Amino acid sequence: MAAVFNVVQVERVPGPWDVSSSSSSSSGSSSRTTVRLGLPSKGRMAEGTLNLLKECHLSVCKPNPRQYVADITELQNLEVWFQRESDVVRKMLAGDIDLGIVGYDVVAEHGQDNEDLVVVHDQLGFGECHLGLGIPKYGIFENVSSVSDLAAMPQWTSSRPLRIVTGFTYLASRLLKAKGLEHIQLSTADGALEAAPAMGTADAILDLVSSGTTLRENNLKEIEGGTLIKSQGVLVASKRALLKRKGALDVTREMLERLEAHLRAKSQFLLTGNMRGESQEHVAELVLRHTRLSGLQGPTISPVYSLPDAGDGVKVQYYAVAICVHKRQLYDAVNELRKICGSGVLVSPLTYIFDEEPPRWRQLLATLQE
């Protein structure tokens with residue numbers, strides 16, 4: 001039996017490059033000389049976005065908190081537009097915005113697999129959550145622990161489908177049938193979805209879940225196989241804008257480079273310590289053979305210049321060892337350096353670790369050539 005969906009599908013807004021677009025809209029967007037970046041206007045995604053950009057030394061300058069337009073001093077020819085996340089995606093499709101930072105769930109739901117949207121960076125490290133099914137812990141659902149159990153319940157028929165309330169009707173209609181749920185009716189609601197099963201207006205909900213606390217506090221539970229997608233903040237761009245908007249590709253590259261280098265550096269510390277040794281080669285051998293410390297490519301060894309010994313005349317040669325270590329290995333790394341005569345170990349946080357060329361940049365260029 002085919003699934004039953006009670007959903008109003010949102011039509012795609014035509015972009016300025018679409019043949020069907022009006023000439024006035026196309027002319028206005030095509031003649032724009034600035035690159036536009038859309039950012040979330042409020043909520044935890046807005047806070048996470050601004051924090052990340054600040055950590056990357058990209059300061060969003062908004063003179064008035066009520067203004068929706070700002071700029072980033074470090075990036076030339078760029079306007080920042082604060083919008084609802086869904087509007088960032090819609091306006092990107094319409095050609096009014098070129099780049100955006102939003103949750104992947106928003107791209108998947110409102111982008112509706114449009115080929116013009118390109119995810120430039122898929123793991124910005126904030127806003128982690130997943131889109132999952134929530135069902136009551138009680139009643140007929142008490143012993144239901146998986147999607148398979150839910151799909152096998154005899155209660156759901158074409159005349160009495162499983163009623164699911166969600167704000168993600170596009171993803172639900174695409175993905176739930178693949179989970180084995182044949183008889184489904186989708187409906188939408190503005191907020192407080194968790195109350196719907198208790199009120200009797202729905203049997204289950206499909207919503208974003210981070211910690212799961214809200215579900216538990218409303219006597220709901222997640223079930224095995226009930227996760228449709230995982231989400232976090234992503235940098236997304238319009239493929240057409242990158243190809244046609246002057247400066248868009250350059251802005252995208254700098255943002256990607258800064259984001260990639262900073263996120264890589266967040267998990268690393270720079271250790272610098274002094275070691276006694278006969279030569280740089282001798283110290284390098286001690287580090288590489290007698291520790292698990294290899295750094296990015298290997299340790300950096302350099303001579304330490306000290307004053308002549310004023311006592312017995314015996315000069316001890318020191319060398320400085322600099323190496324990057326993961327945060328989880330920090331204390332072990334310090335101990336390993338001390339075991340091979342390391343002393344005065346300094347620990348410094350890192351802001352950036354730049355690659356020769358970020359892999360995501362190569363992936364983006366390949367996508368633009370398709």
Side-chain angles (χ1 to χ4, degrees), residues 13 15-17 25 28-107 110-111 114 116-127 231-263 266 351-352 358 360-361 364:
V13 180
W17 297 281
S25 173
S29 295
S30 298
S31 61
R32 173 163 52 85
T33 58
T34 56
V35 179
R36 287 179 177 172
L37 168 68
L39 299 182
S41 56
K42 58 184 178 180
R44 66 189 185 98
M45 287 299 297
E47 182 179 354
T49 299
L50 293 178
N51 286 341
L52 177 60
L53 292 176
K54 185 177 181 180
E55 291 171 357
C56 294
H57 299 125
L58 295 173
S59 303
V60 179
C61 301
K62 185 166 64 168
N64 188 324
R66 295 188 178 183
Q67 287 182 331
Y68 289 98
V69 184
D71 58 37
I72 296 178
T73 306
E74 295 81 6
L75 298 176
Q76 300 300 312
N77 197 38
L78 177 73
E79 291 179 348
V80 176
W81 285 74
F82 289 95
Q83 301 284 300
R84 292 186 302 178
E85 285 189 83
S86 57
D87 287 339
V88 170
V89 175
R90 291 191 183 103
K91 291 180 180 181
M92 202 175 301
L93 291 174
D96 298 320
I97 287 177
D98 307 309
L99 302 164
I101 295 179
V102 294
Y104 177 71
D105 60 285
V106 179
V107 177
H110 298 282
N114 192 293
D116 185 49
L117 293 182
V118 180
V119 177
V120 180
H121 198 301
D122 59 339
Q123 294 182 343
L124 294 183
F126 68 92
S231 179
Q232 62 177 288
V234 299
L235 173 64
V236 63
S238 162
K239 183 175 181 179
R240 289 169 175 170
L242 295 181
L243 291 171
K244 296 187 178 184
R245 180 83 60 210
K246 183 178 180 182
L249 196 58
D250 292 335
V251 169
T252 302
R253 175 162 191 170
E254 181 167 350
M255 286 194 65
L256 176 60
E257 291 253 24
R258 286 177 179 261
L259 290 167
E260 189 99 321
H262 174 66
L263 291 170
K266 283 185 73 173
T351 302
Y352 295 111
R360 285 185 173 89
W361 174 249
L364 177 60

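Keep in mind it's a predicted model, so treat the numbers as computed, not measured. We number each residue from 1, following the sequence as shown.
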Rounded to the nearest 0.5 Å, what separation is found between the [atom1] atom of [X] and the [atom2] atom of [Y]?
X      : Y      : atom1 : atom2 : answer
Ile101 : Met255 : CD1   : CE    : 4.5 Å
Gln232 : Asp105 : CD    : CG    : 11.0 Å
Leu37  : Glu79  : CG    : CD    : 10.5 Å
Leu78  : Thr252 : CG    : OG1   : 9.0 Å
Thr49  : Arg44  : OG1   : CZ    : 10.5 Å
Arg245 : Leu243 : CZ    : CG    : 12.0 Å

Could you tell me if the side chain of [Y] sits less than 4.5 Å from the side chain of [X], heavy atoms only?
X      : Y      : value
Leu39  : Leu53  : yes
Leu259 : Leu124 : yes
Phe82  : Leu50  : yes
Val35  : Leu75  : no
Phe126 : Leu52  : yes
Leu263 : Gln123 : no

Open item on the list: Looking at His262 and Thr351, would you say the former's side chain and the latter's main chain have a donor-acceptor pair under 3.5 Å?
Closed with: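 Judged by distance alone, yes, a pair lies under 3.5 Å.
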Task: Side-chain (Glu74) to main-chain (Ser59) donor-acceptor, under 3.5 angstrom - done: yes
Open item on the list: side chain to side chain donor-acceptor pair (under 3.5 Å), that's the test. Do His121 and Glu260 meet it? Break it down for me.
Closed with: CA-CA 8 Å; His121 198 301; Glu260 189 99 321; 2.8 Å; yes
What's the shortest heavy-atom distance between [X] and [Y], and which atoms?
X      : Y      : answer
Ala237 : Val120 : CB-CG2, 3.8 Å
Met45  : Gly233 : CE-CA, 3.9 Å
Ala248 : Ala241 : CB-O, 3.5 Å
Arg360 : Leu256 : C-CD2, 3.9 Å
Asp116 : Met92  : OD2-O, 4.2 Å
Ala46  : Ser41  : CB-C, 4.0 Å

Donor-acceptor pairs under 3.5 Å, side chain of residues 61-70 to any protein atom, not counting sequence neighbours: which ones?
| unit_1 | atom_1 | unit_2 | atom_2 | d |
| --- | --- | --- | --- | --- |
| Asn64 | OD1 | Arg66 | N | 2.8 |

- [ ] Start with the C-alpha gap between Leu364 and Leu242, add the side-chain angles, then the distance that decides, and say whether side chain to side chain contact (heavy atoms under 4.5 Å, CB included) holds.
- [x] CA-CA 10 Å; Leu364 177 60; Leu242 295 181; 3.9 Å; yes
Task: salt_bridge(Glu55, Lys266) N-O dist < 4.0 Å - done: yes
TODO: Using side-chain contact (heavy atoms from CB on, under 4.5 Å) as the criterion, list what pairs up with Lys54, not counting sequence neighbours.
DONE: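 None.
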Task: Pairing residues for Gln83 by the side-chain contact (heavy atoms from CB on, under 4.5 Å) criterion, not counting sequence neighbours - done: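 Partners of Gln83 under the side-chain contact (heavy atoms from CB on, under 4.5 Å) test: Trp81, Asp87, Val88, Lys91, Ile97.
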Task: Atom CZ of Arg253 with >12 non-hydrogen neighbours under 6.0 angstrom - done: yes
TODO: Give the intermediate values and the outcome of side chain to side chain contact (heavy atoms under 4.5 Å, CB included) for residues Val251 and Asn77.
DONE: CA-CA 9 Å; Val251 169; Asn77 197 38; 5.8 Å; no
Task: Sole residue of Arg240, Arg36, Arg32 in side chain to side chain donor-acceptor pair (under 3.5 Å) with Asp98 - done: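 When Arg240, Arg36, Arg32 are each tested with Asp98, the side chain to side chain donor-acceptor pair (under 3.5 Å) holds only for Arg32.
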